[in-house]
Amino acid sequence: MKSRFTQGSNDMPNNNILIEVKELRTYFYLTEGVVRAVDGVSFSLERGRTLGVVGESGCGKSVTARSIMNMVRKPGRTVGGEVLYHRRNGDDTTEEIIDLLKLEPMGDEMRAIRGGEFAMIFQEPRASLSPVHTIGTQIVEAIRLHRPMTKAQAREHGIEMLRRVKIPRPEQIIDAYPHQLSGGMCQRAMIALALACQPALLIADEPTTALDVTTEAQILELMRELQATFETSIMYITHNLAVVAEIARDVMVMYMGKDVEFAPVDAIFHEPKHPYTIALLSSIPRIDVERDMLATMAGTVPDPYALPKGCPFHPRCPSRLPVCSQDIEVPYVFFDKGHRVRCHLYTAK
Amino acid sequence: MTQASIEASASAPLLEVRNLKKHFPITKGLFSAVHGYVKAVDGVSFAIPRGQVLGLVGESGCGKTTVGRLIMRLYRPTAGQILVRLGKDNEPATDIANLDHTALMPYRRQMQMIFQDPYTSLNPRKTILEIVSEPLRIHGIASGKALQSRVEELLELVGLRAEYVMRYPHAFSGGQRQRIGIARALALNPQFIVADEPVSALDVSVQAQVLNLMRSLQRKFGLTYLFISHDLSVVKHISDRIAVMYVGNLVETASTKELFVRPLHPYTEALLSSVPKPDPRLQRRRKIPQGEVADPAHPPPGCRFHPRCPYAQTRCAQEEPVLREFPGGRTVACHYAEQLTLTGALEAA
Ligand SMILES: Nc1ncnc2c1ncn2[C@@H]1O[C@H](COP(=O)(O)OP(=O)(O)OP(=O)(O)O)[C@@H](O)[C@H]1O
Ligand SMILES: Nc1ncnc2c1ncn2[C@@H]1O[C@H](COP(=O)(O)OP(=O)(O)OP(=O)(O)O)[C@@H](O)[C@H]1O
Ligand code: SF4
Ligand SMILES: [Mg+2]
Ligand SMILES: [Mg+2]
């Protein structure tokens with residue numbers, strides 16, 4: 001039977017799924033205790049669609065991404081759940097389903113998928129580019145890993161990709177080292193590197209945080225083009241809700257390792273249901289509104305070793321009910337159009 | 001009081017830069033033959049009065065970080081003056097542009113920088129305690145128990161838990177690392193802070209907390225900031241004045257309110273109109289300035305913005321506009337600033 005988590009933005013049945021994440025749990029085992037960075041997250045991503053992932057700093061967005069890529073390192077470990085990759089053969093006629101978490105993280109098969117069919121733009125562009133190699137060396141190597149090109153062809157393709165991410169003088173910059181580029185240029189070089197590989201899945205972790213609005217708009221346009229041409233699925237992690245409004249089809253809101261709300265983008269902005277989503281929307285700084293101090297959320301960020309019992313948001317929630325602090329997993333409540341929320345306010349009725 | 005000291009106290013800025021330049025050589029080959037210069041900063045002048053916040057905005061790669069690093073004297077300027085007045089308003093300012101390491105020490109203590117890149121600016125082999133306490137130890141301010149409690153106090157100030165002190169940077173999310181950088185910069189109670197994209201890596205709720213924090217610290221201790229950001233909605237909340245930079249030059253400075261209500265430079269207008277709105281129902285694509293982004297190695301002749309400016313005339317391609325004074329203490333570098341009526345992002349009150 002089709003899982004309720006595989007509903008997309010419309011009610012049409014679909015079998016166009018690329019990635020299905022079920023009950024994912026990734027914990028970090030530290031001497032001071034266990035950090036439940038991802039603690040029960042389920043969603044699916046269709047081919048050619050964009051899922052926006054939002055939530056407070058430290059809520060587990062990047063760890064979710066790393067878990068999907070099966071690249072969580074010690075002291076972290078994915079302790080539960082599945083990441084099902086619906087892989088199609090060349091002519092799209094047959095499909096096999098692989099649980100990526102069952103593959104050896106550094107094994108050949110996982111590495112082939114990670115380097116070829118999937119690509120990731122890391123949140124830390126400078127740290128993920130090697131400081132001792134030129135941008136060109138790194139792009140050429142990445143391209144040649146999974147596309148049959150000569151060095152010269154790969155270099156040409158690399159220059160073209162740098163041009164498309166709006167880096168000036170790409171034919172010179174390709175020979176520059178990361179420290180010679182500005183923060184935003186490094187980020188764009190990283191994007192060029194990921195897009196050059198024409199992946200089926202692109203996980204973009206805060207890809208445009210270092211970019212000004214005009215450059216960002218150009219990058220988003222480029223991603224849309226790529227998506228239209230190659231049916232790339234994009235998981236777009238960001239704290240910028242305006243960007244989510246612009247690029248995402250569906251949005252997943254995370255809070256302390258849990259997927260507290262999932263909905264089509266319009267519903268997230270116009271019919272948010274989870275009190276956390278509502279609070280998040282009201283704290284956006286806007287240029288067209290005047291405020292002295294920005295609205296912030298009540299309460300402090302909870303201690304990751306001692307997650308609140310029950311709903312993790314209850315200590316800060318303005319609408320909490322007595323049941324919210326009881327030690328029970330908050331169930332999913334489903335609405336139409338694939339909108340779902342984990343909040344007792346909607347089960348009480 | 002003497003005439004000179006009256007004049008000084010009337011408008012004594014804590015920091016003033018005059019005609020600041022940084023040209024990076026473009027080298028090629030093993031023997032590093034220089035065949036051109038990246039004019040990252042090419043004649044920038046501004047002043048920041050004590051206790052005020054100047055926001056510096058502009059496109060990725062336009063030279064913002066380089067300005068910050070020059071002021072911190074992490075680079076030696078190619079030309080220009082950096083006048084600093086840390087003591088009383090009536091004391092003369094010192095030009096630190098060419099001071100050597102030893103002579104810079106007293107200035108280093110009073111001037112701190114929050115770095116753009118929260119990943120590479122934190123040493124991965126040091127604990128948070130070591131990182132945040134480093135400036136305190138270097139300047140011999142505290143040791144032992146006092147040191148540890150000062151670090152814990154600083155962490156709490158930026159919304160991190162004091163128990164984290166023995167952890168290494170990799171155990172923190174992007175936003176958490178950025179706050180560690182802020183705690184380190186605040187450790188010495190500096191008078192002046194260059195904050196380079198201090199909240200870009202933060203989600204909106206933490207962003208609001210950090211902005212409010214920086215603002216209240218600034219008011220409480222009368223701090224002076226140069227606040228670099230590509231994000232206008234962020235700069236708007238913290239800055240008294242804003243300087244807009246385009247390819248190595250300033251094109252406009254004004255009080256925050258005036259800039260948002262009525263920009264006088266076409267590039268400022270373009271920046272304001274390309275900010276995305278956090279609502280999927282509003283137009284999904286932004287208006288962005290057309291044309292190629294200028295290259296600081298080969299800036300266009302005349303006005304550097306002319307190839308992308310919708311109002312450009314023949315004169316703009318030939319004659320470089322200088323920064324001219326306008327009523328209300330504004331400055332603008334556009335030949336047609338008087339004639340144009342540009343659109344802002346805020347209604348005039
Ligand atoms: N290597 C690690 N060791 C220990 N804890 C870790 C490690 N990596 C992540 N964590 C913890 O897991 C939690 C989730 O981190 P994650 O990086 O996924 O957050 P995020 O949602 O991406 O935040 P941000 O928006 O700040 O990037 C955080 O509390 C973080 O401290
Ligand atoms: N160490 C260096 N060597 C050579 N060129 C450099 C160096 N540092 C910066 N540049 C060049 O100077 C220009 C301005 O860079 P800078 O880092 O100041 O930009 P920025 O405005 O901070 O951009 P961003 O918003 O992307 O961080 C860029 O073209 C960059 O390539
Ligand atoms: S479950 Fe309760 S505490 Fe949690 S968000 Fe909903 S109302 Fe608030
Ligand atoms: Mg992250
Ligand atoms: Mg920068």
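Every chain is numbered from 1, with letters handed out A, B, ... down the list of sequences.
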Does Tyr37(B), at its OH atom, have more than 12 non-hydrogen atoms belonging to other residues, nucleotides or ligands within less than 6.0 Å?
no
Taking Asp212(A) for the side chain and Gly58(B) for the main chain, is one N or O donor matched with an acceptor at less than 3.5 Å?
no
Assess whether side chain to side chain contact (heavy atoms under 4.5 Å, CB included) is satisfied between His170(B) and Arg73(A), documenting all intermediate values.
CA-CA 11 Å; His170(B) 70 84; Arg73(A) 265 174 283 164; over 6 Å; no
Under a plain distance cut-off of 3.5 Å, with no hydrogens placed, do Thr215(A) and Glu59(B) share a side-chain donor-acceptor pair?
no
Spacing of OG belonging to Ser233(B) relative to CG belonging to Asn240(A), to within rounding of 0.5 Å
7.5 Å
Test side chain to side chain contact (heavy atoms under 4.5 Å, CB included), reference Pro280(B), set Ile247(A), Asp266(A), Ile268(A), output is Asp266(A)
Closest contact, heavy atoms only, Leu271(B) versus Val213(A):
O-CG2, 3.8 Å
For a side chain to side chain contact (heavy atoms under 4.5 Å, CB included) check, start with the C-alpha distance between Glu216(A) and His230(B), then their side-chain angles and the critical distance, and finish with the verdict.
CA-CA 10 Å; Glu216(A) 175 178 74; His230(B) 62 269; over 6 Å; no
Most heavy-atom pairs under 4.5 angstrom with chain B, which of Asp205(A), Leu211(A), Val54(A)?
Leu211(A)
Using non-hydrogen atoms and a 4.5 Å limit, figure out which bit of Ile26(B) sits close to chain A: side chain, backbone, both or neither.
side chain
Locate the shortest heavy-atom distance separating Gln176(B) from Gly58(A); write the atom from each residue and the value.
NE2-CA, 4.3 Å
Rounded to the nearest 0.5 Å, what separates atom OG in Ser60(B) from atom CG in Leu181(A)?
9.5 Å
Part of Gln180(A) within contact of chain B (heavy atom distance under 4.5 Å)
neither
Among Gln218(A), Arg188(A), Lys61(A), Met185(A), residue most engaged with chain B (heavy-atom pairs, under 4.5 Å)
Arg188(A)
Which atoms of Val38(B) come close to chain A, meaning under 4.5 Å heavy atom to heavy atom: side chain ones, backbone ones, both, or neither?
side chain
Side chain, backbone, both or neither: which part of Leu30(A) has a heavy atom under 4.5 Å from chain B?
side chain
Can you confirm whether more than 12 heavy atoms, excluding those of His270(A), are under 6.0 Å from its NE2 atom?
yes
